[in-house]
Amino acid sequence: MHVWDALSSEAKIDFSAGQSAASAIAYMTENANLTRALLARLESLEPISKFDNTKVTSIDLGPPQDKPGTLNLSSYPQVTLSSSTASLVARLLVGADGINSPVRSFAHISTRGWDYERHGVVATVKLTSRCASSDESAGVPEVQERATAYQRFLPSGPIALLALPGDYASLVWSTTPEQAVRLKSLDPVDFAAMVNAAFRLSVVDVDYMSKMPSGQVDELEWRLQATRTPREDEASHPRMVESVQEGSVASFPLRMRQADQYVGERVALVGDAAHTIHPLAGQGLNMGLADVASLVRAIEYSVSHGGDIGVQGNLEAYENEMWMKNNRMLGVVDKLHKLYGVSWGPVVGLRSLGLGTVDRFNGLKGWIMGQAGG
């Protein structure tokens, strides 16, 4: 992974699998493939009931014992679905339902945090193909280049390209809400030109082009000729974006949130329902998966010792393990976002010095990768 600061030509850092014990620093998995694998796993774990093409209409406490011989469900979550007149009563209700979690609202669990006044623009893009001669001249093996992620910190937010199979890559661009609207309104060719400009041109050039209603393709061509920025320097820049996959451009507001607690009586929160993080470090999914693994361990321990899996005391092992760990990651990423949003010269110089110092210590970079990878 190659990371650099748009305001300082000397500020850069490279992460490589060779700097840690892992065979790779990260893996990219498309959401459709992940979902398909999870559904296939569920089908192998029968009997499991699945409810498709439906939504939760309400979550309440179950009914009390109304006559002898019936169960008292007044402390159990009761979920009502739009597709059924029957309700589901849960011994443990796990909220993996996003930042606006209905499960969290039902459990009366508060969150703390703030909005960044930034939007994340995402898209799937196709990169220009590389010929064999360019591979040799660049000195970068094709497999290695295709497995490299690139991230450049602009004053408005970082832009990143993450490798996908073939000549495709996933774009994540954190920027202002106004610029996000303008980017989404561009023709695909002008959108691609803006992405290429954001990785190659100066901050002044990128700001100017971002305000143009159209014509970014010609503007980029002229500005590349007028600057010394290389078009295809794979050692420090990604390949040029050739096209944008139709229907893939979207945006979402960036926020930082942390739930006051992850568990309640017969309720547990995981993923974005429990915490939301800025995407600059790519930790959102990693943190959610770690939540699930920890919750599973807590449930397994409770079952193996004859406990009730929904009792809050039996779920606290999950919260004790993950709350502070996630809080540290949220704090680090939040501080990085704020640090790289500053354009004042002395701050730029100090952060450049710090980034360059870290880049010289492979052991330290290996530790950082280990922390990010969980």
Side-chain angles (χ1 to χ4, degrees), residues 1 22 24-45 48 50-56 94-104 116 118-127 146-151 157-175 180 183-184 188 191-192 195 238 241-257 269-296 322 326 329-330 333 372-374:
M1 182 174 186
I25 63 173
Y27 294 92
M28 282 290 295
T29 302
E30 293 173 285
N31 186 59
N33 294 332
L34 183 61
T35 302
R36 190 179 302 112
L38 290 172
L39 290 174
R41 176 59 175 162
L42 283 175
E43 290 175 357
S44 70
L45 296 175
I48 287 181
K50 293 184 295 183
F51 301 88
D52 297 324
N53 300 317
T54 189
K55 63 180 181 179
V56 174
V94 178
D97 46 353
I99 187 172
N100 299 314
S101 169
V103 174
R104 190 181 65 232
Y116 285 116
R118 292 290 186 271
H119 279 210
V121 178
V122 295
T124 300
V125 298
K126 185 177 182 181
L127 308 179
R146 285 182 175 176
T148 299
Y150 297 87
Q151 185 174 51
I159 181 172
L161 273 180
L162 310 173
L164 292 175
D167 293 322
Y168 289 89
S170 178
L171 168 75
V172 183
W173 189 346
S174 303
T175 187
L183 286 170
K184 292 192 295 181
F191 182 92
V195 175
V241 173
E242 180 179 272
S243 61
V244 182
Q245 188 177 89
E246 184 178 358
S248 68
V249 180
S251 68
F252 56 93
L254 303 183
R255 306 181 176 104
M256 194 277 279
R257 294 286 191 277
L269 305 176
V270 296
D272 282 358
H275 44 73
T276 306
I277 192 170
H278 193 292
L280 71 85
Q283 290 302 300
L285 178 61
N286 290 350
M287 293 168 68
L289 295 177
D291 288 347
V292 173
S294 176
L295 179 59
V296 167
M322 298 307 301
N326 288 338
M329 181 62 72
L330 288 166
V333 173

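Predicted, not measured: the structure shown is a model, and the values here were computed from it.
Note: Lys50 NZ to Leu39 CG = 6.0 Å, rounded to the nearest 0.5 Å. Atoms CG and NE2, on Leu330 and His275 in that order, are 7.0 Å from each other to the nearest 0.5 Å. Atom-to-atom distance recorded for Thr276:OG1 and Met256:CE is 9.5 Å, nearest 0.5 angstrom. Taking CE of Met1 as the reference point, atom OG1 of Thr148 lies at 10.5 Å (rounded to 0.5 Å). If you take CG on Leu285 and CD1 on Ile277, they are separated by 12.0 Å, rounding to the nearest 0.5 Å. With values rounded to the nearest 0.5 angstrom, Tyr168 atom OH is found 10.0 Å from Leu127 atom CG.
Using modelled atom types, one side-chain atom of Ser44 and one backbone atom of Arg41 make a donor-acceptor pair closer than 3.5 Å. With hydrogens and angles disregarded, no donor-acceptor distance shorter than 3.5 Å links the side chain of Ser101 to the backbone of Asp97. A donor-acceptor pair under 3.5 Å links the side-chain atoms of Arg104 to the main chain of Ile99, judged by distance alone. Counting only distance, with no hydrogens or angles, the side chain of Asp167 and the backbone of Lys126 share no donor-acceptor pair below 3.5 Å. Distance alone, capped at 3.5 Å, is enough to place a donor-acceptor pair between the Gln151 side chain and the Leu280 backbone.
Looking at every heavy atom in both residues, His278 comes nearest to Ser174 through CE1-OG, 3.6 Å. Of all the heavy atoms in Pro253 and His119, the pair that sits closest is CA-CD2, 3.7 Å. Nearest heavy-atom pair, Ala169 versus Leu161, reported as atom, atom and distance to 0.1 Å: CB-CD2, 4.0 Å. When every heavy atom of Ala149 is checked against every heavy atom of Leu162, the shortest pair comes out as CB-CD2, 3.7 Å. Closest approach of Val241 to Ala192, counting heavy atoms only: CG1-CB, 3.7 Å.
Residues Asn33 and Thr29 have side chains that never bring a donor and an acceptor to within less than 3.5 angstrom of each other. A donor-acceptor contact closer than 3.5 angstrom links the side chains of Asn326 and Asp291.
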Please report, to 0.1 Å, the donor-acceptor pairs under 3.5 Å made by any side chain of residues 245-252, with sequence neighbours excluded.
residue, atom, partner, partner atom, Å
Ser248, OG, Thr124, N, 3.1
Ser248, OG, Thr124, O, 3.4
Ser248, OG, Gln245, O, 2.7
Ser251, OG, Lys184, NZ, 2.8

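Put simply, the side chain of Leu38 does not reach to within 4.5 Å of the side chain of Thr35, judged on heavy atoms.
For Ala26, there are no side chain to side chain contact (heavy atoms under 4.5 Å, CB included) partners at least two apart in sequence or on another chain.
Counting heavy-atom neighbours within 6.0 Å of Lys55 NZ, excluding the residue itself, gives a total of 12 or less.
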Leu171 vs Phe191, side chain to side chain contact (heavy atoms under 4.5 Å, CB included): CA-CA, chis, key distance, verdict: CA-CA 11 Å; Leu171 168 75; Phe191 182 92; 3.7 Å; yes

